[in-house]
2 protein chains.
Amino acid sequence: MNKNIKTLNQKIKQQGYRMTRQREIVLDELSKAKGRHPKADEIYQMVRKRMPHISFGTVYRNLRLLKELGLVRELCFGKSFSRFEASVDNHQHFSCMTCGKVVDIDEPFEVSASNVYVGGKPIEVDEYRLEFYGRCDDCR
Amino acid sequence: MNKNIKTLNQKIKQQGYRMTRQREIVLDELSKAKGRHPKADEIYQMVRKRMPHISFGTVYRNLRLLKELGLVRELCFGKSFSRFEASVDNHQHFSCMTCGKVVDIDEPFEVSASNVYVGGKPIEVDEYRLEFYGRCDDCR
DNA sequence: TGGGTAATGAATAAAAATATCAAAACGCTG
DNA sequence: CAGCGTTTTGATATTTTTATTCATTACCCA
């Protein structure tokens with residue numbers, strides 16, 4: 001049982017949720033897919049190898065819940081579907097505007113989000129997302 | 001006829017496309033909706049007031065084309081749909097994680113995207129997107 | 001270990017994105 | 001400015017993704 005799963009256990013119980021095998025496997029598989037940024041259906045396929053009878057609805061609902069708990073991040077890059085990744089250290093992405101491929105970039109850019117104003121009033125920012133777009137080597 | 005439409009005319013012809021009334025109205029309505037970040041269906045409703053017989057497919061296809069031409073930007077903030085805005089000056093957004101509302105922030109953050117590396121190799125970045133997330137006053 | 005309740009599985013609904021194709025419209029060319 | 005090849009439209013259908021429903025299952029606390 002890895003660190004993510006332990007954190008999951010804690011957070012789940014705190015909020016009145018329950019720990020299920022499905023939930024654990026979804027997070028575990030996503031953690032193992034570091035750098036792959038799979039979409040919901042791909043995660044379903046991955047999880048199904050370990051738990052063949054799991055339903056897509058369960059995977060989907062758990063992704064939403066894990067996102068609420070801050071253990072999973074949802075990413076979108078102008079395609080018609082979301083991608084997911086396990087929340088690890090702060091990092092950013094490059095996405096190819098042609099083929100849609102997404103890769104992690106080497107060094108994270110730091111943005112100081114403490115001075116964000118809207119209509120002259122300061123806004124409390126919980127997180128930010130910085131994404132880079134261009135064309136990958138294959139698509140150029 | 002505003003400046004955006006003139007640019008549209010130029011770019012359209014250059015690339016072998018044609019100028020149509022539908023195309024012009026889609027861009028014009030989106031230009032007038034500065035700060036609203038409508039989704040495709042909302043743009044369709046706006047355009048329909050001026051051109052009642054236009055079809056959703058036409059609006060949708062033109063949004064895609066205008067995006068290709070760089071006159072329109074597609075935005076997504078973790079909801080299940082895209083938002084659009086006319087390409088104007090560089091600026092960034094704040095999105096409420098609860099209600100999904102999106103607003104422009106006052107001062108743009110500058111990110112120097114010249115040193116982006118993936119797997120040790122430099123990547124040519126055409127654009128970047130920086131978004132801030134939190135909860136708006138109403139949702140707190 | 002029993003029981004109240006959250007979660008699952010299976011199915012389906014709803015929403016959003018995309019494709020198809022005959023008919024219409026654009027705009028070049030003479 | 002009229003004819004014509006080609007692009008674009010309108011209308012509709014299809015696919016993909018997201019979200020919901022509800023009877024049954026399985027957590028987990030006392």
Side-chain angles (χ1 to χ4, degrees), chain A residues 1 5 8-27 29 37-45 47-48 50-69 71-72 74-84 98-100, chain B residues 5 8-27 29 37-45 47-48 50-69 71-72 74-84 97-100:
Chain A
M1 188 188 264
I5 306 295
L8 171 58
N9 231 311
Q10 290 165 14
K11 292 216 174 181
I12 283 277
K13 302 285 177 66
Q14 275 172 19
Q15 317 257 344
Y17 298 115
R18 291 174 186 177
M19 188 53 176
T20 65
R21 188 158 150 64
Q22 288 85 346
R23 210 153 267 180
E24 179 183 327
I25 292 182
V26 168
L27 182 59
E29 285 298 313
H37 316 99
K39 50 192 260 191
D41 185 63
E42 290 167 343
I43 298 166
Y44 171 53
Q45 300 304 334
V47 169
R48 219 145 68 107
R50 274 170 71 179
M51 185 179 262
H53 60 83
I54 198 170
S55 75
F56 177 77
T58 297
V59 172
Y60 179 81
R61 276 181 308 236
N62 278 320
L63 286 169
R64 288 263 101 91
L65 177 66
L66 292 168
K67 180 189 170 190
E68 276 309 304
L69 297 175
L71 295 166
V72 160
E74 183 175 3
L75 311 169
C76 40
F77 298 92
K79 298 289 168 183
S80 62
F81 53 86
S82 290
R83 293 170 177 278
F84 297 88
T98 302
C99 70
Chain B
I5 305 295
L8 171 58
N9 231 313
Q10 290 165 14
K11 293 217 174 185
I12 283 277
K13 302 285 177 67
Q14 275 171 19
Q15 318 258 343
Y17 298 115
R18 290 176 185 175
M19 189 54 177
T20 64
R21 189 160 151 63
Q22 288 86 343
R23 212 153 264 180
E24 178 182 327
I25 292 183
V26 168
L27 182 59
E29 285 299 313
H37 316 99
K39 49 193 262 192
D41 186 63
E42 291 167 344
I43 298 166
Y44 171 53
Q45 300 304 334
V47 169
R48 219 145 68 105
R50 273 170 72 179
M51 185 178 263
H53 60 84
I54 197 172
S55 76
F56 176 77
T58 297
V59 172
Y60 178 81
R61 276 182 307 237
N62 278 322
L63 286 170
R64 287 264 99 90
L65 177 67
L66 292 168
K67 181 188 169 190
E68 278 308 305
L69 297 175
L71 294 165
V72 160
E74 182 175 4
L75 311 168
C76 40
F77 299 92
K79 298 290 170 187
S80 61
F81 54 85
S82 291
R83 294 171 175 278
F84 295 88
M97 294 189 291
T98 302
C99 70

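Lettering of chains follows the sequences in order, A, B, ..., and the numbering in each one begins at 1.
- The 5' end of DNA chain C is approached more closely, in terms of each residue's nearest nucleotide, by Met51(A) than by the other of Met51(A) and Glu74(B).
- In this structure, Arg23(B) does not reach the dT7(D) phosphate: none of its side-chain N or O atoms is under 4.0 Å from OP1 or OP2.
- Between the OH atom of Tyr44(B) and the P atom of dA15(C) there is a distance of 16 Å, rounded to whole Å.
- Side-chain atoms of Met19(A) and Leu8(A), non-hydrogen and from C-beta on, do get closer than 4.5 Å to each other.
- The residue Asn62(B) sits close only to the backbone: its heavy atoms come under 4.0 Å of sugar-phosphate atoms, none of a base.
- When every heavy atom of Arg83(A) is checked against every heavy atom of His37(A), the shortest pair comes out as NH1-O, 2.9 Å.
- Closest of all the heavy-atom pairs between Ile25(A) and Met51(A) is CD1-CE, 3.9 Å.
- The ring-ring contact (aromatic ring centres under 6.0 Å, His included) search around Phe56(B) returns Tyr44(B), not counting sequence neighbours.
- Annotation: side chain of Arg23(B) is in contact with side chain of Tyr17(B) (closest heavy-atom distance under 4.5 Å).
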Item to complete: Could you encode protein contacts along nucleotides 23-30 of chain D as a string, one character per nucleotide from 5' to 3', using B for base contact, S for sugar-phosphate-only contact and - for no contact, with a heavy-atom cut-off of under 4.0 Å?
Response: ---BBS--
Polar atoms only, N or O, under 3.5 Å: list the protein pairs with nucleotides 10-13 of chain C and their distances.
| unit_1 | atom_1 | unit_2 | atom_2 | d |
| --- | --- | --- | --- | --- |
| dA10(C) | OP2 | His53(A) | O | 3.4 |

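- Protein atom CG of Asp41(A) is 20 Å distant from nucleotide atom P of dA16(C), rounded to whole Å.
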Discussion item. Quick one, Thr58(A) with Gln22(A), criterion side chain to side chain donor-acceptor pair (under 3.5 Å). Give me CA distance, side-chain angles, the key distance, then yes/no.
Written reply: CA-CA 8 Å; Thr58(A) 297; Gln22(A) 288 85 346; over 6 Å; no
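- Here the closest heavy-atom approach between residue Lys11(B) and residue Leu69(B) is recorded as NZ-O, 3.3 Å.
- Atom-to-atom, NZ of Lys39(B) to C1' of dA16(C) comes out at 8 Å; the value is rounded to the nearest Å.
- Looking at Glu24(B) and Arg21(B), their side chains never come closer than 4.5 Å, going by heavy atoms from C-beta outward.
- Heavy-atom nearest nucleotides on DNA chain D were determined for Ala40(A) and for Gly16(B), and the one closer to the 5' end corresponds to Gly16(B).
- Across the protein-nucleic acid pair, Leu66(A) atom CG and dA7(C) atom P stand 11 Å apart, rounded to whole Å.
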